[in-house]
Amino acid sequence: MRYELVIFDNDGVLVDSEPISNRLLAAYLTELGHPTSYEDSIRDYMGSAMHRVHDLVLERTGERLPAEFDDVFHQRVFAAFERELEPVAGVVDVLEKLAVDEVPYCVASSGSHERIRVGHRTTGLDRWFDEARVFSSQDVGKGKPAPDLFLYAAERMGVAPQRCAVVEDSPLGVRAAVAAGMDVYGFTAMTPAEKLVGATELFAGMGELAGLLA
């Protein structure tokens, strides 16, 4: 394989969480008096850290979200994960191939460490990701589209950015990977291909990914 490290986004790439979390985010924002559709949530917040939700609401309305917003939202999301969450179809096969080929991999997510862990534990992906392979925007303080998280993950894994491949499904994530100087493979299962501008390659199903990375 031509890469020394494969960096996976989490939500929508490893775990099929985006439909769940965006449905709940839209509902909660609407409940708080900020009418938001599911489509609005996907467009504005998919792939971003929680601070983006606060920043955009404040910018658009002049109002701050309540202090307990993040805690309440995550409680709702984690409860839904326990009932509904599944791994992205085909991603276990990709992880198995990387393990057999002895290609290092990790996850770098805008979500919190707790969110990553809950999702992995619920779906059984925790067996593939020990603590040394898990990186969150919490670790760098500045989420995607800034390159900080991907650069931090590469540094911790001991690989130069230009030897890394990133697997992403959001425009913000693609922008972050490009800014980090990494090749990025855009997963179009939920995001229209034209929105993943800058991706090295696009793919619609996990069955295609191993061949693209080879």
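Hydrogens, waters and symmetry mates are skipped; everything else that's a heavy atom, side chains included, is used.
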Subject >> Reported OG-to-CG distance for the pair Ser109 and Leu14, which is rounded to 0.5 angstrom >> reply: 8.5 Å
Original post:
Any chain of hydrophobic side-chain contacts (each under 4.5 Å) joining Val77 to Val53?
Top reply: yes
Subject >> Nearest non-hydrogen partners of Thr36 and Ser41, listed with the distance >> reply: CG2-N, 4.0 Å
Original post:
Considering all heavy atoms of both residues, which atom of Pro161 and which atom of Ala180 are nearest to each other, and what is their separation?
Top reply: CB-O, 3.4 Å
Subject >> side chain to side chain donor-acceptor pair (under 3.5 Å) pairs, two or more places apart, involving residues 96-107 >> reply: Lys97-Asp101
Subject >> From Ser21 atom OG to Leu85 atom CG, the distance as rounded to the nearest 0.5 Å >> reply: 9.5 Å
**OP:** Taking side chain to side chain contact (heavy atoms under 4.5 Å, CB included) as the test, write out the residues that go with Arg43, two or more places apart.
**Re:** Asp40
Original post:
So, Arg175 side chain and Ala146 main chain: donor-acceptor pair closer than 3.5 Å or not?
Top reply: no
Original post:
Side-chain contact, heavy-atom cut-off 4.5 Å: Phe129 with Leu95?
Top reply: yes
**OP:** Please round to the nearest 0.5 Å and tell me the distance separating atom CG of Leu24 and atom CG of Leu29.
**Re:** 11.0 Å
Subject >> Hydrophobic cluster identity match, Phe81 and Met46, side-chain contacts under 4.5 Å >> reply: no
**OP:** Just jot down the side chain to side chain contact (heavy atoms under 4.5 Å, CB included) partners of Ala204, sequence neighbours excluded, or say none.
**Re:** Thr188, Glu208
**OP:** Check Val15 against Gly119 and note the closest heavy-atom contact, atom names and distance.
**Re:** CG1-O, 4.0 Å
Original post:
Taking C-beta and beyond as the side chain, do His120 and Val107 meet within less than 4.5 Å on heavy atoms?
Top reply: yes
Subject >> Ala165 to Tyr185 - nearest heavy-atom pair and separation >> reply: CB-CE1, 3.9 Å
Original post:
Please, which pairs that meet ring pair (Phe, Tyr, Trp, His ring centres under 6.0 Å) have at least one residue in residues 38-68, sequence neighbours excluded?
Top reply: His54-Phe69
Original post:
Taking C-beta and beyond as the side chain, do Phe8 and Leu98 meet within less than 4.5 Å on heavy atoms?
Top reply: yes
Subject >> Arg83: salt bridge (Lys or Arg N to Asp or Glu O under 4.0 Å) partners, not counting sequence neighbours >> reply: none
**OP:** Not counting sequence neighbours, which residues clear ring pair (Phe, Tyr, Trp, His ring centres under 6.0 Å) with His34? List them please.
**Re:** none
Subject >> Straight-line distance of Leu151 CG to Phe135 CZ, nearest 0.5 Å >> reply: 12.5 Å
Subject >> Linked, directly or transitively: Val6 and Met182 (ILVMFWY side chains, under 4.5 Å) >> reply: no
Original post:
Can you list every pair that meets side chain to side chain donor-acceptor pair (under 3.5 Å) and has a residue in residues 146-156, with sequence neighbours left out?
Top reply: Tyr152-Arg156
**OP:** Quick one: which residue pairs count as a side chain to side chain donor-acceptor pair (under 3.5 Å) with a foot in residues 23-32, not counting sequence neighbours?
**Re:** Arg23-Glu84, Glu31-Arg76
Please tabulate, one pair per line, all N/O donor-acceptor pairs under 3.5 Å involving side-chain atoms of residues 190-203, not counting sequence neighbours.
from	atom 1	to	atom 2	distance (Å)
Thr191	OG1	Asp169	O	2.5
Thr200	OG1	Val184	N	2.9
Thr200	OG1	Val184	O	3.4

Original post:
Nearest heavy-atom pair of Ile116 and Gly111: which atoms, and what distance?
Top reply: CD1-O, 3.9 Å
Original post:
Does Val159 share a hydrophobic cluster with Val178, counting links as ILVMFWY side-chain heavy atoms below 4.5 Å and allowing steps through other members?
Top reply: yes
Subject >> 4.5 Å side-chain heavy-atom contact, Leu32 and Pro66 >> reply: yes
**OP:** Return the minimal non-hydrogen interatomic distance between Leu58 and Arg64, and the atom names on each side.
**Re:** CD2-NH1, 3.5 Å
**OP:** Indicate whether the side chain of Ser110 and that of Arg52 have a donor and an acceptor atom separated by less than 3.5 Å.
**Re:** no
Subject >> Asp93 vs Met206 side-chain heavy atoms within contact, under 4.5 Å >> reply: no
**OP:** Give every residue pair that meets the side chain to side chain donor-acceptor pair (under 3.5 Å) criterion with at least one member in residues 125-136, sequence neighbours excluded.
**Re:** Arg117-Glu131
Subject >> Hydrophobic cluster identity match, Ile7 and Val174, side-chain contacts under 4.5 Å >> reply: yes
Subject >> Test side chain to side chain contact (heavy atoms under 4.5 Å, CB included) applied to Val103 and Tyr3, step by step >> reply: CA-CA 8 Å; Val103 178; Tyr3 297 107; 5.6 Å; no
Subject >> ring pair (Phe, Tyr, Trp, His ring centres under 6.0 Å) partners of His113, counting only residues at least two apart >> reply: none
Original post:
Can any side-chain N or O of Arg163 pair as donor or acceptor with the backbone N or O of Arg2 at less than 3.5 Å?
Top reply: yes
Subject >> side chain to side chain contact (heavy atoms under 4.5 Å, CB included) between Asp9 and Phe187, intermediate numbers included >> reply: CA-CA 10 Å; Asp9 176 43; Phe187 186 34; over 6 Å; no
Original post:
So how far is it from Asn10 CG to Arg115 CZ, rounded to the nearest 0.5 Å?
Top reply: 8.0 Å
**OP:** Drop me the distance from Met157's CE to Cys164's SG, to the nearest 0.5 angstrom.
**Re:** 9.0 Å
Original post:
For Glu59, what residues pass the side chain to side chain contact (heavy atoms under 4.5 Å, CB included) criterion, not counting sequence neighbours?
Top reply: Leu56
